[in-house]
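Just follow the structure's listing: the first ligand is 1, and inside any ligand the first atom is 1.
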Amino acid sequence: MRADSDGGVGTIAAADADARAATWQRVLAEAITDPAELWRVLALDPALLPSALSATRAFALRVPRGFVALMERGNPRDPLLLQVLPQAAELLAVSGFSADPLAEADCQAAPGLLTKYRGRALLVVHGACAVHCRYCFRRHYPYESLPRGPRWWAAALAAIAADPDCHELILSGGDPLLVPDAQLAELIADAAAIAHLARLRVHTRLPVVLPERIGEELCRLLARSRLRCVVVLHANHPRELSPAVAAACARLRAAGCLLLNQSVLLAGVNDDPAVLAALSERLAELGVVPYYLHALDRVAGAAHFLVDDARARAIHRELSAMLPGWLVPRLVREVPGAASKLPL
Ligand SMILES: *Cc1c(COP(=O)(O)O)cnc(C)c1O
Ligand code: SF4
């Protein structure tokens, strides 16, 4: 075969990859942020719009169009929509729900570096997210007060370098994959230079809500690191796992990443053993291991998502009876001051 006939196929593949690299920032920039537009696109009842507008004054609407495309038109109870839908209920003060339920303000070893648990350190590398999840425990996080960029990571990496007990660096946020590839490459290289670090874990919602982000360059830099790369996705409902998401997962697995998923147990979204079982089955198809099912953090504005502990345990018990053990996520809660996330 002539070299150039083979080269044609390679050129098409490379052009595809380039298009992906050029588009993720555009897809991100084109996310829906205006409730009126979301209402139009999904043909929702205009009577519900004022409630959404009042809630967005405290926490803006933000949802990529690809995620909206997975929602059912005309259904205000759609489980994907409910995760991003601003509602007046968020504005009610509910006792037991506060701005910093995890007391994270108390455990920063360096700016943006949380060292709550032994052996691993969590670095908030980016303040923003591609999607605004209404239940998010970081919805009141003072991201603006954090310094940004590689110079700031230097202090966190120095703190990790000084702690020989730390074997895993967790990149979190916000969404750490909103950081451009060139800066991520620098951060990962600096982390890999710390001899006692063995693993790099990335907690991200982007493979699910913006699968275009999982491009060639990102996969290359994860694949070539000496660190063992673990990517923890965040999907709550099986319908989030579209063919485009499956393809993004396949690219990450081809890059040698171990894929895990964490979900939050959310009233109206996935508080049903059949839905959670379908989620686990779909994750298995994508080569993703269900890791955690989190009880909701009691953050102000999220009380309408609460599933009480007794129901959470009953749902989890039923789920356990439906699936192989490795497809049952651990039902946990985060308790300030505890040495790990605690089983419910
Ligand atoms: C959740 C969390 C971790 C990771 O905990 P694992 O149980 O290892 O998944 C690490 N650091 C912080 C601050 C966390 O909140
Ligand atoms: S992507 Fe994660 S950090 Fe961002 S709003 Fe959603 S739950 Fe919160």
Visitor: Among all the protein's non-hydrogen atoms, which is closest to atom 9 (O) of ligand 1, and how far away is it?
Guide: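 The protein heavy atom lying closest is Tyr291 OH, 2.6 Å.
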Visitor: Report yes or no: do Leu323 and Leu276 belong to one cluster of Ile/Leu/Val/Met/Phe/Trp/Tyr joined by side chain heavy-atom distances under 4.5 Å?
Guide: yes
Visitor: Applying a heavy-atom cut-off of 4.0 Å, say which part of Ile170 lies close to ligand 1: side chain, backbone, both or neither.
Guide: side chain
Visitor: State whether Arg311 and Asp272 are salt-bridged, where the test is any N-O pair (Lys NZ or Arg NE/NH1/NH2 against Asp/Glu carboxylate O) under 4.0 Å.
Guide: no
Visitor: So is Glu168 in contact with ligand 1, going by heavy-atom distances below 4.0 Å?
Guide: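 It does not, in that no heavy atom of Glu168 comes within the 4.0 Å cut-off of ligand 1.
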Visitor: Going by the atom numbers of ligand 1, which of them fall below 4.0 Å from some non-hydrogen atom of Arg120?
Guide: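 Near Arg120, meaning under 4.0 Å from one of its heavy atoms, ligand 1 has 5 (O), 6 (P), 7 (O), 8 (O).
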Visitor: Does Arg333 come within less than 4.0 Å of Asp309, counting only side-chain N to carboxylate O?
Guide: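 Salt bridge present between Arg333 and Asp309.
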Visitor: Indicate yes or no: at least one non-hydrogen side-chain atom of Leu113 is less than 4.5 angstrom from one of Leu157.
Guide: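 No. Closest side-chain heavy atoms not under 4.5 Å.
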Visitor: Hey, does Asp175 sit under 4.0 Å from ligand 2 if you only count heavy atoms?
Guide: no
Visitor: So which heavy atom in the protein is nearest atom 12 (C) of ligand 1, and how far is it from that ligand atom?
Guide: Leu122 CD1, 3.6 Å
Visitor: Any idea which part of Arg118 is under 4.0 Å from ligand 1, heavy-atom wise: side chain, backbone, both or neither?
Guide: neither
Visitor: Below 4.0 angstrom, N of the basic side chain to O of the carboxylate: do Glu168 and Arg199 qualify?
Guide: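 Salt bridge between Glu168 and Arg199, a charged N being under 4.0 Å from a carboxylate O: yes.
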Visitor: Around atom 14 (C) of ligand 1, find the nearest protein heavy atom and jot down its residue, atom name and distance.
Guide: Lys341 NZ, 3.2 Å
Visitor: Closer than 4.0 angstrom, basic N to acidic O: yes or no for Arg239 and Glu72?
Guide: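 Not counted as a salt bridge, because no side-chain N and carboxylate O are separated by less than 4.0 Å.
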Visitor: Only heavy atoms of Glu334, strictly under 4.0 Å: list the atoms of ligand 1 that pass.
Guide: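 Those qualifying, in numeric order: 15 (O).
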Visitor: Can you name the atoms of ligand 2, numbered from 1 with element, that are less than 4.0 Å from a heavy atom of Arg205?
Guide: 1 (S)
Visitor: Closer than 2.8 Å to atom 8 (Fe) of ligand 2: does that hold for any N, O or S atom in Cys133?
Guide: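 No - counting backbone and side chain alike, Cys133 has no N, O or S atom under 2.8 Å.
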Visitor: Could you verify whether a donor N or O on one side chain and an acceptor N or O on the other, from Gln262 and His294, lie under 3.5 Å apart?
Guide: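 Side chains of Gln262 and His294: pair found under 3.5 Å.
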Visitor: So is Gln262 close enough to ligand 1, meaning a heavy atom under 4.0 angstrom away?
Guide: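 So Gln262 does not count as touching ligand 1.
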Visitor: Please identify which atoms of ligand 2 are closer than 4.0 Å to at least one heavy atom of His234.
Guide: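 What qualifies from ligand 2 is 7 (S).
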Visitor: Out of all atoms in ligand 1, which are within 4.0 Å of some heavy atom of Arg201? Include the element for each.
Guide: 4 (C), 6 (P), 8 (O), 9 (O)
Visitor: Check the angle between the aromatic planes of Phe59 and His132 and answer parallel, tilted or perpendicular using the 30° and 60° thresholds.
Guide: parallel
Visitor: Of Leu222, Val288, Leu258, Val202, which meets side-chain contact (heavy atoms from CB on, under 4.5 Å) against Leu252?
Guide: Leu222
Visitor: Would you sort out whether Arg213 and Asp181 count as a salt bridge (charged side-chain N to carboxylate O under 4.0 Å, His left out), showing the intermediate values?
Guide: CA-CA 10 Å; Arg213 174 65 183 100; Asp181 289 333; 2.8 Å; yes
Visitor: Output the list of atoms in ligand 2 that are nearer than 4.0 Å to some heavy atom of Cys129, sorted by atom number.
Guide: 1 (S), 3 (S), 4 (Fe), 5 (S)
Visitor: Tell me which protein heavy atom sits closest to atom 7 (O) of ligand 1, plus the residue, atom name and distance to 0.1 Å.
Guide: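 Ranking protein heavy atoms by distance from atom 7 (O) of ligand 1, first comes Tyr292 OH, 2.6 Å.
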